[in-house]
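Take a look at the structure below.
Note that the coordinates shown come from a computational prediction; the quantities given were computed from them, not determined experimentally.
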Amino acid sequence: MDLDYNGGNTTNTNKRVFHRLGGGKSVNDTSNQHNHQHQQNQKVCYHWRAGKCNRFPCPFLHRELPAPLPHASVNGGGGAKRGFAGNDSSSFSGRRGGSSNYSNSWGRFGNKGDVRGVKRVSVEKVCNFWIQENCSFGDKCRYLHSWSLGDGFSLLTQLEGHQKVISGIALPSGSDKLYTGSKDETVRVWDCQSGQCMGVINLGGEVGCLISEGPWIFVGLPNVVKAWNTQTNTDLSLNGPIGQVYALVVGNDLLFAGTQDGSILVWKFNAATYNFEPAVSLKDHKMAVVSLVVGANRLYSGSMDHSIKVWNLETLQCIQTLTDHTSVVMSLLCWEQFLLSCSLDQTIKVWAATESGNLEVTFTHNEEHGLLTLCGMHDPEGKPVLLCSSNDNSVHLYDLPSFSEKGKMFAKQEIRAIQTGPGGLFFTGDGTGQVRVWNSVAVPTATT
């Protein structure tokens, strides 16, 4: 069973497609060709309207006609930097606490209308000629000459080497290394100071997911979970899964693995033997389990069967099944007393506990495309920000709880992995195998 519903091309793109932020050099002999491409792009893409376009570049518009947005220049920023080491820790709260009574302020300021700090261009699409460094339109080009749109974050560097889609990114505590897993059957280890690849681990199977917990790295593979301790160099193989392992999470000294056959396998860490011992297998989902998160003494699991199940971490019993989504529940996130979920049904749902203790939807945010991954972080001012990737190859950045858009990032193919790091850093991994390192920066405020 494959999660690549949109048939995205994940072939090798070893050549470096990006060397700097900003406009490309002028090449006269490409001007006519570029003009011709822009003229062709006056038709709206039929597949985009259906939410299924996976072409890059697409020869048609990914927006409705007429009314092009007012032209504005995009600040490309400075050149790519080497290394991406940060200082302070910036974590997104994964705990669900507080009163069961909630104030429904979600989306109060509008979903799309309040786009603060976002600089608009005619078409929110990266210029293919800019990627190849030969766009002759410069600042007058109607396409983006940047991998991002908006203020408050900047691209630091790109890590290249993987051959296929990135399925997991992790930074184990106490380590100066970044770990990335891919469907190219490898895990790569990167030095956080230099940005150089320090090693490639060949695993002989597609990496379905990769997480870190303390010094441990856990890798989900077909029919097995690999566990490595980066401090002791312990290397374990946890058998039991049937098919691909799509999701992993740790909670209450237990390791949970969501598998292709719909089971959630559970291991308990034994400190005496320094090993993970099989505990139980949870079998309530009817199809593959593709997302897991832990919060407030609960385990939440999302599945291809369109449901979210809520499990008591102490008894490991399913205590509620949520069926509001109409397609695959791709990602789950705990924030304060809320559970957030996203799905290929093009919605983000916000869940809160009622007085009875059961979760109910308190807000639904609608998007134009299927949604893949949720990740939370705080901006330099300490305000919560939600990052959400969709299958149109973009990542939206939203202020919470208003869901006002504060920025957008783009990739050549869809982004399946987003991970936060120390000092305002965050990482994205796309379908080409490229990992980008971003920095969250404070936005200067206007002074009188």
Side-chain angles (χ1 to χ4, degrees), residues 91-100 102 168 170 172-173 209-218 220 225 227 236 238 240-241 245-259 261-286 288-303 305 307-325 329-342 349-362 374-376:
S91 62
F92 196 82
S93 174
R95 296 186 297 274
R96 295 185 68 247
S99 169
S100 61
Y102 56 86
S173 62
C209 54
L210 179 149
I211 67 167
S212 64
E213 180 70 22
W216 288 93
I217 295 282
F218 300 100
V225 173
L236 306 173
L238 311 182
V245 176
Y246 287 124
L248 290 163
V249 73
V250 173
N252 199 27
D253 292 327
L254 300 171
L255 171 66
F256 300 90
T259 63
D261 73 344
S263 301
I264 303 173
L265 271 64
V266 187
W267 292 267
K268 186 170 182 63
F269 182 68
N270 187 326
T273 62
Y274 213 70
N275 203 346
F276 292 85
E277 298 177 349
V280 69
S281 178
L282 311 178
K283 297 180 178 292
D284 261 28
H285 283 291
K286 296 181 176 63
V289 176
V290 297
S291 52
L292 294 169
V293 72
V294 167
N297 206 34
R298 298 286 186 268
L299 168 72
Y300 306 92
S301 57
S303 170
D305 64 15
S307 74
I308 301 170
K309 290 188 179 290
V310 184
W311 308 81
N312 184 303
L313 267 188
E314 298 294 336
T315 65
L316 297 181
Q317 297 297 308
C318 180
I319 57 178
Q320 190 181 2
T321 300
L322 311 175
T323 58
D324 292 51
H325 281 296
V329 182
M330 295 294 290
S331 186
L332 298 165
L333 180 69
C334 288
W335 176 60
E336 294 183 353
Q337 71 268 35
F338 300 100
L339 173 72
L340 281 69
S341 60
C342 76
K349 293 189 181 293
V350 181
W351 307 79
T354 62
E355 291 184 359
S356 67
N358 286 335
L359 289 179
E360 291 185 359
V361 174
T362 184
L374 296 176
C375 185

(message) As an exercise, state the distance from CG of L333 to OH of Y300, rounded to the nearest 0.5 Å.
(response) 11.5 Å
(message) Minimum heavy-atom separation for V290 and V329, please, with both atom names.
(response) CG2-O, 3.2 Å
(request) Taking side chain to side chain contact (heavy atoms under 4.5 Å, CB included) as the test, write out the residues that go with I211, two or more places apart. (result) F218, L248, V250
(request) Determine whether L236 and N275 make a side-chain contact, defined as any pair of heavy atoms from C-beta on separated by less than 4.5 Å. (result) yes
(request) Please step through side-chain contact (heavy atoms from CB on, under 4.5 Å) for the pair V289 and Y246, ending with a clear verdict. (result) CA-CA 7 Å; V289 176; Y246 287 124; over 6 Å; no
(message) For S301, give me all partners under side-chain hydrogen bond (donor to acceptor under 3.5 Å, both in side chains), at least two apart in sequence or on another chain.
(response) H285, W311
(request) Indicate yes or no for a side-chain donor-acceptor contact from Q320 to the backbone of L359 under 3.5 Å, with no hydrogens or angles considered. (result) yes
Return a table of donor-acceptor pairs under 3.5 angstrom between the side chains of residues 262-269 and protein atoms on other chains or two or more places apart.
residue : atom : partner : partner atom : Å
S263    : OG   : D261    : OD1          : 3.2
S263    : OG   : D261    : OD2          : 3.4
S263    : OG   : K283    : NZ           : 3.0

(request) For the residue pair L255 and L238, establish whether any side-chain heavy-atom pair is separated by less than 4.5 Å. (result) yes
(request) Look at the aromatic rings of Y274 and W216 and report parallel, tilted or perpendicular, splitting at 30° and 60°. (result) tilted
(message) Could you check whether any side-chain N or O of S341 sits under 3.5 Å from a backbone N or O of S331, counting only pairs where one atom can act as donor and the other as acceptor?
(response) no
(request) Any chance you could measure T323, atom OG1, to H325, atom NE2, to the nearest 0.5 Å? (result) 10.5 Å
(request) Return the set of residues passing side chain to side chain contact (heavy atoms under 4.5 Å, CB included) with I319 (not counting sequence neighbours), or none when no residue passes. (result) R298, V310, N312
(message) Does K349 form a side-chain contact (heavy atoms from CB on, under 4.5 Å) with D324? I'd like the steps, not just the answer.
(response) CA-CA 9 Å; K349 293 189 181 293; D324 292 51; 3.9 Å; yes
(request) For the pair L254 and L316, evaluate side-chain contact (heavy atoms from CB on, under 4.5 Å) and give the outcome as yes or no after the intermediate values. (result) CA-CA 11 Å; L254 300 171; L316 297 181; 4.2 Å; yes
(message) Measuring only between side-chain heavy atoms, which start at C-beta, is W351 closer than 4.5 Å to T362?
(response) no
(request) Return the minimal non-hydrogen interatomic distance between C334 and L339, and the atom names on each side. (result) SG-CD1, 4.1 Å
(request) With sequence neighbours excluded, tell me which residues meet side-chain hydrogen bond (donor to acceptor under 3.5 Å, both in side chains) with E314. (result) none
(request) Starting from the C-alpha separation in whole Å, work towards a yes-or-no answer on side-chain contact (heavy atoms from CB on, under 4.5 Å) for F276 and V225. (result) CA-CA 11 Å; F276 292 85; V225 173; over 6 Å; no
(message) Strictly distance-based, threshold 3.5 Å: is any side-chain N or O of S303 a donor or acceptor partner for the main-chain N or O of A288?
(response) yes
(request) To the nearest 0.5 Å, tell me how far C318 SG sits from K309 NZ. (result) 4.5 Å
(request) State, with a plain yes or no, whether a side-chain heavy atom of L292 is found less than 4.5 Å away from one of L332. (result) no
(message) Restricting to side-chain hydrogen bond (donor to acceptor under 3.5 Å, both in side chains), what partner residues turn up for S173, sequence neighbours left out?
(response) none
(request) Measure across S307 and T321 and return the closest heavy-atom pair with its distance rounded to 0.1 Å. (result) CB-CG2, 4.0 Å
